[in-house]
Amino acid sequence: MDRNLDTFDVCIVGGSIAGNYLCYLLSKTNLKIIVVEEHKEVGLPFQCAGIVSQKLSKLIELPNEIILNRVKTAKIVGPSGAYIKLSGNEEPYIIDRIGLDRLFFNKVKQRENIVYNFGEKFKTFKYIWANHQKLVLIETSKRKLKAKMLIGCDGPLSSVAKALRIKNKNLFATQVRIKAQFDENEAVMFFDKRWKELFGWIVPEGKGIYRIGMACSKNIVKNFRFFLNKFNINLKQIIDKQGGLIPHGLMNKLAFDNILLVGDSACQVKPTTGGGIIMLLIAAKYAANCIKTCFKHNKYSKKTIKKYYEKPCRSIIGRELKIHYLIRVFLDKFEDNDFQKMFQIIKTSEIESSISIHGDMDFPKAIIFKLLQNPLFFTFLIKFILKNPNIFIKILKILTK
Ligand SMILES: Cc1cc2nc3c(=O)[nH]c(=O)nc-3n(C[C@H](O)[C@H](O)[C@H](O)COP(=O)(O)OP(=O)(O)OC[C@H]3O[C@@H](n4cnc5c(N)ncnc54)[C@H](O)[C@@H]3O)c2cc1C
């Protein structure tokens, strides 16, 4: 074996929010950590609508300058233009996403046990044995290095996941930031068959700037042009444009010998909204605990990682992500009149106040149980399932996965 090969305890691939936050959580250990990031700067390219629930400030110490705005109302617009407005306890943050990515990087960059290699791409890995211990030999675009643990935080197109033969299904997303005059207190979601896998959005960044975007599985350019035309947007108003991918589906396998996946690489994204930040922050906390336990016991097997990372992740966020996915299965099949009927039920029953009190952008289980107790909503759902019998098979498949 090459004795000059750089050796680390942990190699994190991806220096965005998942990688930086995990690195921060591990920074106070004496583990020798390398973060390999293919871009030259943290936070760029910027690819986010930046709408995150209030849970953010419970999960991390959130500096005020990261919060650009807060919204009081979520307006949900159906294909015909019919809409409902929901407001309640949840007043999501609109965040400075570049700032959030840099927050944790800035906290760890001076630490002696941490190295960031920018402009370096993870290519592949193989397992090797040294002193009767299984290690990971990592090949990047610039070098080879050894680590006891490899962590894939490398986003929707994760090369770490690919090397483990896991492939995400991704949606295409696009967004512009513009100066405009919409409502600064309101985030709007536009549903339409053409972009049925997610929605079009208007998110008020504050100071008269809005993030207008969309995600779907095909024809994103054509659909987005059509969407922007709805608002008579003058292209001169556009400040900048972003594009990216959003994983779509159920959470992947998370645990492998010496390796674990966190964030978009593991599809820890809500299929209802495409939001991943809250879920990955929770997952990163479990990942950090698991990594510390692995080093404490000098055990890095899939079994150990499953026990300390995958299992708690599945029971805390995995189940909720499944509920998001079930909601998405229904929304995908909704026709315009289904949206209209649902809006009418919400407006004329107690549901609106239930959503205000029990609604949770990230953990929908409680509100779903509440809604199912409402006879009007329950009847609407049963009729919808009878009209779309295939949905029943899909639900069973998801529940048994
Ligand atoms: C347009 C858009 C809008 C969104 N809006 C919201 C929102 O409003 N709220 C919300 O919660 N979420 C939103 N999301 C989702 C959210 O941005 C992601 O869930 C989150 O960024 C995932 O973080 P991550 O660290 O797992 O992956 P990423 O942020 O994708 O970071 C992956 C990092 O890995 C690096 N990398 C990739 N491959 C390699 C490699 N081979 N070698 C080295 N480095 C590599 C990349 O350069 C990148 O820095 C949005 C996503 C998009 C695209």
Side-chain angles (χ1 to χ4, degrees), residues 11-23 34-53 55-56 59 68 71 92-95 97-98 100-102 104-105 116-125 138-142 150-163 168 170-177 187 189 198-203 205 211-216 220 224 241-248 252 261-284 287 361-362:
C11 171
I12 298 175
V13 181
S16 177
I17 179 67
N20 293 345
Y21 184 55
L22 179 62
C23 185
I34 181 167
V35 181
V36 176
E37 167 54 52
E38 67 177 333
H39 288 104
K40 294 209 163 77
E41 260 182 277
V42 172
L44 297 176
F46 162 65
Q47 301 169 331
C48 195
I51 182 158
V52 188
S53 75
K55 243 168 256 106
L56 185 62
L59 287 166
L68 302 178
V71 286
Y93 297 116
I94 312 302
I95 57 156
R97 174 59 202 271
I98 302 173
L100 184 70
D101 286 9
R102 290 185 179 164
F104 297 108
F105 169 67
Y116 267 77
N117 279 9
F118 289 106
E120 182 164 339
K121 198 172 159 74
F122 165 92
K123 288 173 89 176
T124 191
F125 78 91
I138 294 152
E139 189 184 333
T140 76
S141 51
K142 295 195 175 159
L150 167 65
I151 321 294
C153 297
D154 49 343
L157 288 176
S158 172
S159 305
V160 178
K162 244 180 252 165
N168 277 334
N170 290 314
L171 301 179
F172 300 100
T174 186
Q175 180 175 266
V176 291
R177 289 173 64 246
M189 285 162 264
L198 207 68
F199 47 72
W201 62 81
I202 300 180
V203 170
E205 182 183 297
R211 300 170 180 175
I212 303 186
M214 162 186 293
C216 56
I220 184 84
F224 194 49
K241 292 182 188 173
Q242 295 86 41
L245 295 169
I246 299 183
H248 185 65
N252 291 331
L261 301 176
V262 186
D264 276 17
S265 69
C267 199
Q268 289 167 334
V269 175
K270 296 178 284 180
T272 47
T273 65
I277 294 171
I278 294 294
M279 295 299 170
L280 70 84
L281 292 174
I282 297 171
M361 278 171 68
D362 306 300

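One-based numbering, in listed order, for ligands and for the atoms of each.
- Ligand 1 places these atoms under 4.0 Å from at least one heavy atom of Leu245: 53 (C).
- Put simply, CD1 on Ile17 and SG on Cys153 are 10.5 Å apart, with the number rounded to the nearest 0.5 Å.
- In this structure, Pro156 is part of the shell of residues with a heavy atom less than 4.0 angstrom from ligand 1.
- Looking at ligand 1, you'll find an N or O of Ile277 within less than 3.5 Å of one of its N or O atoms.
- Note: no N/O pair closer than 3.5 Å links Val13 and ligand 1 by distance alone.
- Heavy-atom contacts of Gly274 reach the following atoms of ligand 1: 12 (N), 13 (C), 14 (N), 15 (C) (cutoff under 4.0 Å).
- For the pair Leu245 and Phe172, the minimum side-chain heavy-atom distance is below 4.5 Å.
- Separation of atoms CZ (Phe224) and OG1 (Thr174) is listed at 5.0 Å; rounding is to 0.5 Å.
- For the pair Met279/Asp362, a side-chain contact is recorded, criterion being any heavy-atom separation below 4.5 Å from C-beta on.
- In this model, no donor atom of one side chain and acceptor atom of the other lie less than 3.5 Å apart for Gln242 and Gln47.
- Near Val36, meaning under 4.0 Å from any of its heavy atoms, are these atoms of ligand 1: 43 (C), 44 (N).
- Here the protein heavy atom with the shortest distance to atom 9 (N) of ligand 1 is Ile51 O, 3.0 Å.
- Ranking the protein heavy atoms by distance from atom 49 (O) of ligand 1 puts Glu37 OE1, 2.6 Å first.
- With Thr140 as the fixed residue, the side chain to side chain donor-acceptor pair (under 3.5 Å) test singles out one of Lys121, Lys123, Glu120: Glu120.
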Verify side chain to side chain contact (heavy atoms under 4.5 Å, CB included) between Asp264 and Asn170, making sure each step is shown before the conclusion. CA-CA 10 Å; Asp264 276 17; Asn170 290 314; over 6 Å; no
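- By the 30° and 60° cut-offs, the orientation of the rings of Phe118 relative to Tyr116 is parallel.
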Arg211 vs Ile94, side chain to side chain contact (heavy atoms under 4.5 Å, CB included): CA-CA, chis, key distance, verdict: CA-CA 10 Å; Arg211 300 170 180 175; Ile94 312 302; 3.9 Å; yes
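- Of the heavy atoms in Gln175, none comes closer than 4.0 Å to ligand 1.
- The nearest protein atom to atom 36 (N) of ligand 1, hydrogens excluded, is given as Glu38 OE2, 3.5 Å; this is a heavy-atom distance.
- At a 4.0 Å cut-off, not a single heavy atom of Gln268 sits close enough to ligand 1 to count as contact.
- Atom CH2 of residue Trp201 and atom CE of residue Met214 lie 8.5 Å apart, to the nearest 0.5 angstrom.
- Checking only distances, Ala49 does come within under 3.5 Å of ligand 1, N or O to N or O.
- If you look at Leu280 next to ligand 1, the close heavy atoms, those under 4.0 Å, all belong to the side chain.
- Once rounded to the nearest 0.5 Å, the distance linking CD1 of Ile278 with NZ of Lys55 reads 6.0 Å.
- With respect to atom 52 (C) of ligand 1, the closest heavy atom belonging to the protein is Gln47 O, 3.3 Å.
- Counting protein heavy atoms only, atom 12 (N) of ligand 1 is closest to Gly276 N, 3.2 Å.
- Contact annotation: for Asp264 versus ligand 1, heavy atoms closer than 4.0 Å belong to both the backbone and the side chain.
- The option from Phe46, Phe122, Tyr93 that lies nearest to atom 40 (C) of ligand 1, judged by heavy atoms, is Phe122.
- Remark: the backbone N or O of Gly50 is not paired with any side-chain donor or acceptor of Arg97 at under 3.5 angstrom.
- Counting heavy atoms under 4.0 Å from ligand 1, residue Arg97 touches it through the side chain alone.
- Counting protein heavy atoms only, atom 27 (O) of ligand 1 is closest to Gly155 CA, 3.5 Å.
- Neither the backbone nor the side chain of Asp101 comes within 4.0 Å of ligand 1, counting heavy atoms alone.
- Distances below 4.0 Å separate heavy atoms of Glu120 from the following atoms of ligand 1: 43 (C).
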Working note: Gln175 + Phe46, criterion side chain to side chain contact (heavy atoms under 4.5 Å, CB included); need CA distance, chi angles, decisive distance, verdict. CA-CA 10 Å; Gln175 180 175 266; Phe46 162 65; 4.1 Å; yes
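- Every atom of ligand 1 with a heavy atom of Gly14 under 4.0 Å away is listed here by number and element: 33 (C), 34 (O), 35 (C).
- Ile246 and Ala215 get closest at one heavy-atom pair: CD1-CB, 4.1 Å.
- The protein atom (non-hydrogen) at minimum distance from atom 6 (C) of ligand 1 is Cys48 SG, 3.5 Å.
- Remark: ligand 1 atoms within the under-4.0 Å shell around heavy atoms of Gly50 are 7 (C), 8 (O).
- Between Ser16 and ligand 1, at least one N/O pair is under 3.5 Å apart.
- Residue contact check for ligand 1: Gly213 places no non-hydrogen atom closer than 4.0 Å to it.
- In this structure, OH in Tyr93 is found 12.0 Å from CG in Leu100, a value given to the nearest 0.5 Å.
- Of the listed residues (Ile34, Leu150, Val160), just one forms a side chain to side chain contact (heavy atoms under 4.5 Å, CB included) with Ile138, and that residue is Leu150.
- Using a 4.0 Å cut-off to heavy atoms of Ser159, the atoms of ligand 1 that qualify are 41 (N).
- Shown in contact with Ile246 at under 4.0 Å from a heavy atom are these atoms of ligand 1, numbered in order with element: 51 (C), 52 (C), 53 (C).
- The protein heavy atom nearest to atom 1 (C) of ligand 1 is Ala173 CB, 3.6 Å.
- Minimum interatomic distance between Asn20 and Phe104 (heavy atoms only, all atoms of both residues): O-CB, 3.6 Å.
- With atom 32 (C) of ligand 1 as the reference point, the heavy atom nearest to it among Ala161, Cys153, Gly263 is part of Cys153.
- Smallest separation of non-hydrogen atoms from Leu280 and Gln268: CA-OE1, 4.4 Å.
- Not close to ligand 1: Val203, with no non-hydrogen atom less than 4.0 angstrom away.
- Heavy atoms from both the backbone and the side chain of Ala18 come within less than 4.0 Å of ligand 1.
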